[in-house]
Amino acid sequence: MTLRTSIKRKTKLLRRLDHLANRWLAGMKSPLLDRTIVPLGHAADRSRLWMVISLLLAAFGGRRSRRGALRGMMSIGATSAIVNMGLKRIARRKRPSGKLIRTRFGRLPTSSSFPSGHAASAAAYAAGVAQEIPMAGIPMGALATGVAASRVYAGVHYPADVIVGAALGTG
């Protein structure tokens, strides 16, 4: 077996696992998650959630908090440029089934599914803030994880989209 054949088989297996995980998540029904995690994902649209947190850090924190807010927002800027203007245009992966998206999310996003820009921005912001304010790392990481999970639960991304997005944002 050649290296190319081996890579093709592994890629096909990963894609199949990604679709199976998505189908399993699509079958989940949780009114609690519908009321909490889906709105969390919406709050992160256009980085609004991160901007509000930055404003609070800058207004009520000290010098380190202001630096953390600035570093977090700069991290989002760099990550968004790479993901949304670069990788999404190259990958052009179709989003999961529209039926689930409309029931949980309300509207069908038009951009490519891979990688997740929300997960990338969330991870970038959390990592940027944590570099300046180490104690904020855990709550920011938890919030970023919630945003990333919301994208899969709402049906707008496959799990691999979110995993790769989060890894890019953290990097």
Side-chain angles (χ1 to χ4, degrees), residues 18 21-22 24-25 28 30-91 93 95-96 100-101 104-107 109-171:
D18 207 22
N22 183 263
W24 176 75
L25 288 164
M28 288 179 61
S30 170
L32 176 64
L33 291 177
D34 288 346
R35 288 190 312 270
T36 56
I37 201 163
V38 173
L40 178 63
H42 282 303
D45 287 351
R46 293 179 178 80
S47 298
R48 288 185 310 238
L49 174 64
W50 313 118
M51 286 186 255
V52 168
I53 292 171
S54 288
L55 288 171
L56 293 171
L57 285 171
F60 299 109
R63 193 177 111 161
R64 287 178 70 188
S65 293
R66 286 189 296 278
R67 282 195 344 236
L70 179 61
R71 185 182 291 256
M73 292 310 296
M74 289 175 61
S75 297
I76 286 176
T79 300
S80 290
I82 293 167
V83 170
N84 295 321
M85 291 187 261
L87 297 174
K88 278 184 175 275
R89 291 181 181 187
I90 294 168
R93 183 180 194 187
R95 296 214 179 239
L100 174 65
I101 293 170
R104 288 194 182 148
F105 194 70
R107 59 181 156 61
T110 57
S111 64
S112 172
S113 184
F114 183 86
S116 169
H118 276 70
S121 293
Y125 185 81
V129 170
Q131 285 181 351
E132 296 294 335
I133 316 164
M135 288 181 59
I138 291 173
M140 287 294 124
L143 199 55
T145 300
V147 168
S150 78
R151 307 306 286 174
V152 178
Y153 180 75
V156 293
H157 282 290
Y158 292 102
D161 303 340
V162 170
I163 292 167
V164 171
L168 289 166
T170 302

For a quick test of reading the model, state the closest non-hydrogen atom pair linking [X] to [Y] and the distance between them.
| X | Y | value |
| --- | --- | --- |
| P139 | A136 | CD-O, 3.3 Å |
| A130 | G137 | CB-CA, 3.7 Å |
| A148 | A119 | CB-CB, 3.9 Å |
| V129 | G68 | CG2-O, 3.4 Å |
| G41 | S150 | CA-OG, 3.2 Å |
| V83 | G117 | CG1-CA, 3.9 Å |

Is there a side-chain contact between [X] and [Y] (heavy atoms, below 4.5 Å)?
| X | Y | result |
| --- | --- | --- |
| T36 | L40 | no |
| M140 | I53 | yes |
| V164 | Y158 | no |

Between side-chain atoms of residues 72-82 and protein atoms elsewhere (two or more places apart, or another chain), which donor-acceptor pairs fall under 3.5 Å?
from : atom 1 : to   : atom 2 : distance (Å)
S75  : OG     : R71  : O      : 2.8
T79  : OG1    : S75  : O      : 2.8
S80  : OG     : I76  : O      : 3.0
S80  : OG     : S121 : OG     : 3.2

When you measure from the side chain of K88 to the backbone N and O of F114, does any donor-acceptor pair fall under 3.5 Å?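 No; judged by distance alone, with no hydrogens or angles, the pair does not exist.
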Under 3.5 Å donor-acceptor, R151 side chain and V156 backbone |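 No; zero donor-acceptor contacts below 3.5 Å.
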Straight-line distance of [X] [atom1] to [Y] [atom2], nearest 0.5 Å:
| X | Y | atom1 | atom2 | value |
| --- | --- | --- | --- | --- |
| R89 | L87 | CZ | CG | 11.5 Å |
| R66 | I133 | CZ | CD1 | 10.5 Å |
| L57 | W50 | CG | CH2 | 11.5 Å |
| H118 | N84 | NE2 | CG | 9.5 Å |
| Y153 | L33 | OH | CG | 5.0 Å |

For L56, is the CG atom crowded, meaning more than 12 foreign heavy atoms sit under 6.0 Å from it?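 Result for CG/L56: enclosed.
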